[in-house]
Amino acid sequence: MKGSTYRRCSCRDPKTGKELGTSCPKRNSRNHCTYSIRQELPPREDGSRRSFARGGYGSLKAAQAGLDHVRALLGLAEADDPEGIELIGEMLAEVSREKTPLPDVEETRRRLKAGQDLIGSLTVSEWLDRWLAGKRIRKSGLNRYETDIRVHLKPRIGHRRLDRLRVSHLSEMFTAIADANAEILEQNAQRRAAVEELATVPWKGAENRARRKAMKAAIDAMPPFRRVTGPATRLHVKATLRAALNDAIGQQIITFNPAAHVEIDPVRKPKALVWTDERVAKWRKTGEKPSPVMVWTPEQTGAFLDFAAEDRLYAMWHLIAFRGLRRGEACGQPWSETNLDTHSLTVSSQLVQDGWEVEASEPKTDSGFRVVALDDYTVEVLKRHRERQDADREEWASAWVETGLVFTQEDGSWLHPGKVTDFFERLVATSGLPPIRLHDLRHGAATLMLAAGVDVKVVSDTLGHSDTRITRDIYQSVLPHVGKSAAEATAKLVPLQRKAEAEKARKAAKKAKQAAKAQAKGKKKDEQKKPKK
């Protein structure tokens, strides 16, 4: 295809405004004119001609290098590849039209072979918008993705080209988040100190009032209290970006996912601890919980259920405490999937809270769909609950809302999961027992099953976990008496000579003590038998 370089003068006649071209008196000056190139491109599909044109080169050598660059790009498509020829032609026409830099030859070759866009001008922000618009998941999941994208990803890396996103860019992003956290903590501390100092200033007196006014103005000028971006949120931001980039790879837009290789601080999940007597005593004294995740002992669980026996939602607390249903699963459990005759229920739906709105949804994963066996007493509890619900239905008559759910409000309508949590927390506070979250009842159910010797696979299936490792890592809190029994059983396996001698000495001492006690007792009897003088 034809191509050429040529010299061009852009000077114009001051009277007519037309370019002087070859008649410019300064044309022969060495540095006056610039050089331009023009290269014929493959014709369009309709047969019309098109070309690549670019000017502004400072020398003939630079212009020739630019023309060679264009021809090298044209040579990437084989003669028997009409699709590749069309893609190259369209790319060069767009580069000429938009006056953007010529793309790298080797990068274009790689993109052409991979079937990717040859221009590669898509930004991270543009791709995230396109990716999010195509997601077909429940609203709460979409909102979480949208928050990660809006708050963290777009402001920090949204301007970068998608195909040029690197691991180093993501490392810089998470470093910036950590720096922002440090700044937020410092500002929160300053504001808190100012608020505490303001509380110490008396209200009476003109001088004090003036001081309080000045301090309030200073506090108003400070940044408001803000939350830091914690480890779990950072991990979720990484997961969101990784999922989006994986889809970009699947659509052959990019070939490498930097989010899969960036390293961030690991998230340490809090371990569940049991409310032992010592921990309860410390809590009553200081009001501090040893861990965010606390589990009641069997005795404490029994005390709570006895205390809540007359509560309208007692059957829900009982079911979660013994069978480990999630809050949303319990709220969304229908009677049609609850078979009291066969002592089982099928978890197939749930109520999901998004902000304060509630929607019905299927379980999040395949393992969430499961059949849960019920013991005899739990069946009796649910039967009594059903009788009470039938009585409510009759009382409300035509105003009754027929949802078909096991646990409802007084009029039969949905229970709001957030309100259920509030009900539970108030009930626990009134009972006087050490505090746990509603979800910790689920922890307790798993712990009780494991302590009772139930196989971990059965426990995992009952809870709806996809892997038994999740059950072991999260829910295997050891109850005190179980740990003591395990320790004694382990100690008996190792024959220690010193241990045997100590045990022998202990038994001898015990025997001697018993003999001395018997002798003293016999002596006392003899003294009582002696006649009084």
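Heavy atoms only: backbone and side chains are in, while hydrogens, waters and symmetry mates are out. Quick caveat: nothing in here was measured; it's all calculated off a predicted structure. Residue numbers count from 1 along this sequence.
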Step by step, work out the side chain to side chain contact (heavy atoms under 4.5 Å, CB included) result for Phe307 and Leu433. CA-CA 10 Å; Phe307 177 81; Leu433 290 164; 6.0 Å; no

Verify whether one side chain among Thr346 and Ser348 offers a donor that lies under 3.5 Å from an acceptor in the other. no

Over all heavy atoms of both residues, which pair between Gly324 and Leu463 is shortest? Give the atoms and the distance, please. O-CD2, 3.8 Å

Sequence neighbours left out, what passes side chain to side chain donor-acceptor pair (under 3.5 Å) with His261? Give chain and number order. none

Is there a donor in the side chain of Asp148 and an acceptor in the side chain of His236, or the other way round, less than 3.5 Å apart? yes

Whether Gln389 side chain and Leu405 backbone form a donor-acceptor pair below 3.5 Å: yes

Just by distance, do the side chain of Ser460 and the backbone of Val456 share a donor-acceptor pair under 3.5 Å? no

Are the side chains of Ile249 and Thr255 in contact, using a 4.5 Å heavy-atom criterion? no

So, taking the atom named OG in Ser336 and the one named CG in Leu345, what distance separates them when rounded to the nearest 0.5 Å? 11.0 Å

Does the Arg279 side chain pair with the main chain of Val274, one donor and one acceptor, at a distance under 3.5 Å? yes

Between the main-chain N or O of Arg160 and the side-chain N or O of Thr123, is there a donor-acceptor pair closer than 3.5 Å? no

Taking atom CZ as the centre, does Arg284 end up with more than 12 heavy-atom neighbours from other residues, nucleotides or ligands that are less than 6.0 angstrom away? yes

Between Gln333 and Thr338, does the side chain to side chain donor-acceptor pair (under 3.5 Å) criterion hold? Intermediate values first, please. CA-CA 8 Å; Gln333 180 63 30; Thr338 307; 3.1 Å; yes

Counting only heavy atoms not in Glu357 (residues, nucleotides, ligands), do more than 12 fall under 6.0 Å from its CD? no

Name every donor-acceptor pair, under 3.5 Å, that has one atom in a side chain of residues 211-219 and the other anywhere in the protein, sequence neighbours excluded.
from: Arg211; atom 1: NH2; to: Glu197; atom 2: OE2; distance (Å): 3.4
from: Arg212; atom 1: NH1; to: Leu198; atom 2: O; distance (Å): 3.0
from: Arg212; atom 1: NH1; to: Val201; atom 2: O; distance (Å): 2.8

For the student: nearest non-hydrogen atoms of Pro290 and Trp275, plus distance: CD-CH2, 3.5 Å

Thr447 side chain vs His443 backbone, donor-acceptor pair below 3.5 Å: yes

To the closest 0.5 Å, what do you measure between CD (Gln300) and CG (Leu305)? 12.0 Å

Run the side chain to side chain donor-acceptor pair (under 3.5 Å) test on Trp203 and Asn208 for me, step by step, so that the C-alpha distance in whole Å, both residues' side-chain angles and the decisive distance to 0.1 Å come before the verdict. CA-CA 6 Å; Trp203 288 82; Asn208 288 333; over 6 Å; no

Check: Ser125 side chain, His159 main-chain N or O, donor-acceptor pair, under 3.5 Å: no

Are any non-hydrogen side-chain atoms of Ile320 and Met316 less than 4.5 angstrom apart? yes

Glu410: salt bridge (Lys or Arg N to Asp or Glu O under 4.0 Å) partners, not counting sequence neighbours: Arg312

Residues which pass salt bridge (Lys or Arg N to Asp or Glu O under 4.0 Å) with Asp440, listed by chain and number, not counting sequence neighbours: Arg437

Go through the structure and list residues passing side chain to side chain donor-acceptor pair (under 3.5 Å) with Asp390, not counting sequence neighbours. Arg393

Counting neighbours of NZ on Lys135 that are heavy atoms of other residues, nucleotides or ligands and sit closer than 6.0 Å, is the number greater than 12? yes

Determine, step by step, whether Thr462 and Arg370 satisfy the side chain to side chain donor-acceptor pair (under 3.5 Å) criterion, reporting the C-alpha distance in whole Å, the side-chain angles of both residues, the deciding distance to 0.1 Å, and the verdict. CA-CA 7 Å; Thr462 302; Arg370 63 195 189 278; over 6 Å; no

When you measure from the side chain of Gln353 to the backbone N and O of Val358, does any donor-acceptor pair fall under 3.5 Å? no

Polar side-chain atom of His169 near backbone of Arg166 as donor-acceptor pair, under 3.5 Å: yes

For the pair Asp455 and Lys457, evaluate salt bridge (charged side-chain N to carboxylate O under 4.0 Å, His left out) and give the outcome as yes or no after the intermediate values. CA-CA 5 Å; Asp455 185 84; Lys457 181 66 171 66; over 6 Å; no

Measuring from atom CG of Leu170 to atom CD of Glu263, what distance do you get when rounded to the nearest 0.5 angstrom? 12.5 Å

Are Arg191 and Phe225 in a cation-pi contact, defined as NZ or CZ under 6.0 Å from the six-membered ring centre and within 45° of the axis? yes

His318: partners by side chain to side chain donor-acceptor pair (under 3.5 Å), with sequence neighbours left out: Tyr314, Thr378

A cation-pi test, strictly: NZ or CZ of Arg386 under 6.0 Å from the centre of the six-membered ring of Trp335 and no more than 45 degrees from its axis. Yes or no? yes

Could you please spell out the steps behind the side chain to side chain contact (heavy atoms under 4.5 Å, CB included) verdict for Cys331 and Val420? CA-CA 9 Å; Cys331 291; Val420 170; 3.8 Å; yes

Considering all heavy atoms of both residues, which atom of Ala259 and which atom of Lys238 are nearest to each other, and what is their separation? O-CE, 3.1 Å

Let me confirm one number: the OG1-CZ distance from Thr175 to Arg156, rounded to the nearest 0.5 Å. 10.0 Å

Ignoring hydrogens and geometry beyond distance, is a side-chain donor-acceptor pair present between Trp396 and Asp411 at under 3.5 Å? no

Is the backbone of Arg242 close enough, under 3.5 Å, to the side chain of Asn257 for a donor and an acceptor to pair up by distance? yes

Tell me the closest heavy-atom pair linking Pro434 and Val280, and the distance in Å. CG-CG2, 3.9 Å

Check: Pro417 main-chain N/O paired with Arg327 side-chain donor or acceptor under 3.5 Å: yes

Rounded distance [0.5 Å steps], CH2 in Trp296 versus CZ in Phe304: 5.0 Å

When you look at Val237 and Thr229, which way does the side chain to side chain contact (heavy atoms under 4.5 Å, CB included) test go after all the steps? CA-CA 10 Å; Val237 170; Thr229 304; 5.5 Å; no

Does a side chain donor of either Glu183 or Gln187 reach within less than 3.5 Å of an acceptor in the other side chain? yes

Pair Thr365, Ser367: side-chain N/O donor-acceptor within cut-off below 3.5 Å: yes

Any idea which heavy atoms bring Val379 and Leu340 closest together, and the distance? CG1-O, 3.8 Å

Please walk me through it: do Phe322 and Met449 pass side chain to side chain contact (heavy atoms under 4.5 Å, CB included)? CA-CA 8 Å; Phe322 282 96; Met449 283 186 276; over 6 Å; no

Trace of the side chain to side chain donor-acceptor pair (under 3.5 Å) decision for His343 with Asp375: CA-CA 7 Å; His343 286 57; Asp375 59 276; over 6 Å; no

Option among Val406, Leu374, Leu313 that satisfies the side-chain contact (heavy atoms from CB on, under 4.5 Å) test with Leu319: Leu374

Considering all heavy atoms, the nearest Thr408-Leu415 contact: C-CG, 3.6 Å

Can you tell me how far the CG atom of Asp247 sits from the CD1 atom of Ile253, to the nearest 0.5 Å? 9.5 Å

